[in-house]
Amino acid sequence: MGMNSMLGDATMINGAAVAGVMTKAMIRDVDNLRKQGITPGLAVVLVGDDPASEVYVRSKIRKTKAVGMNSFCHRLPSDTSQSALLDLIATLNADPDIHGILVQLPLPLHIQRDAVLDAISPEKDVDGFHVLNAGKLAVGRTDGMIPCTPRGCMILLRQVLPSLAGLHAVVIGCSNIVGRPMARLLLNEGCTVVVTHLQTRDVAAEARRADILIVAAGHPGLVRSNWVKPGAVVIDVGINRITTPNGTTIVGDVAFDEVADHAKAITPVPGGVGPMTIACLLQNTLQAAQNTIITKALVS
Ligand code: GUN
């Protein structure tokens, strides 16, 4: 816990530092795999030119290379047909040099997202979005791929909470990328879990009961200090680009300064959950590459 710092009475959970420790260990593990003749490979597919996706994809490619993995990037125009995209996925599924496949979301509206995600081989589904991996998580099985951002949030929670069993967890937001898988992970660890969404009558009242508050709403400054029970652990998943008189800046979904005053621990934005997402993506890719050795040993 030496990585984290105090902010008044609250611990500021340093996601960037935790991701850095994971990265160091992965550089060593990738090196070991390469000595056995396997270089983990991650293919990233970007359809169209969403500016936020461009930023995320560039960062994923840079960090993939930085740990010694092979990075393969496929950029397709926004008018790419669904069948052309499915053909590319079939090619990547069959390529033994590729251990992980990530299709950056959102996809253009003419493409059915679920058909594309379910075409990815579940063993290579490093985002954990395939219905088989989502289902495994939902029924409490631990042999599937776990979505990167929720996996990163769990690692950050363990920095400040040795056991989650019996704690009351509230997840604000119910997306398939964060909210839903997050709720399932917390449930699997023994939390009592409430998920709030746009139809929830009184989100603040639900939030105030939380020992663990996960905020993934995409709404800058949504969570104020009167939404947070004293001593709660607050994980801010929001990444919002806002314009101020001094230019654009990135803020989370939590009004950080006022909430930090009475939380037990809190993640900053930037430098909290964000760096953990990519670290967990690379961890999933490493796991997928290691699994190919285990599978080979079983069939030979
Ligand atoms: N778009 C926003 N977050 C994610 C993510 O974690 N994975 C993918 N593939 N697309 C995203």
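Just so you know, residue 1 is the first one in the sequence shown, and it goes up from there. We count ligands from 1, going down the list as the structure has it; atoms in each ligand are counted the same way.
When atom types are taken as modelled, the side chain of Thr285 and the backbone of Leu281 share a donor-acceptor pair closer than 3.5 angstrom.
Side-chain contact check for Asp253 versus Val237: every heavy-atom pair is 4.5 Å or farther apart.
With sequence neighbours left out, Val45 forms a side-chain contact (heavy atoms from CB on, under 4.5 Å) with Val47, His74, Leu76, Leu85, Leu88, Leu92, Val103.
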Give me the pairs of N or O atoms, one from ligand 1 and one from the protein, that sit under 3.5 Å apart.
from: ligand 1; atom 1: 1 (N); to: Gln104; atom 2: NE2; distance (Å): 3.3
from: ligand 1; atom 1: 1 (N); to: Leu105; atom 2: O; distance (Å): 3.0
from: ligand 1; atom 1: 7 (N); to: Asp127; atom 2: OD1; distance (Å): 3.2
from: ligand 1; atom 1: 7 (N); to: Asp127; atom 2: OD2; distance (Å): 3.2
from: ligand 1; atom 1: 9 (N); to: Val103; atom 2: O; distance (Å): 2.9
from: ligand 1; atom 1: 9 (N); to: Asp127; atom 2: OD2; distance (Å): 2.6
from: ligand 1; atom 1: 10 (N); to: Gln104; atom 2: NE2; distance (Å): 3.4
from: ligand 1; atom 1: 10 (N); to: Leu105; atom 2: N; distance (Å): 3.0

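In this structure, Leu132 stands alone, with no Ile, Leu, Val, Met, Phe, Trp or Tyr side-chain heavy atom under 4.5 Å from its own, directly or through other members. The other members of the hydrophobic cluster of Val170, by chain and number, are Leu7, Met12, Ile172, Val194, Val203, Leu213, Val215, Leu222, Val223, Trp227, Val228, Val234, Val254, Phe256, Val259, Ile266 (side-chain heavy atoms under 4.5 Å, ILVMFWY only).
Note on Glu189 versus Arg184: no salt bridge recorded, every NZ/NE/NH1/NH2 to OD/OE distance being 4.0 Å or above.
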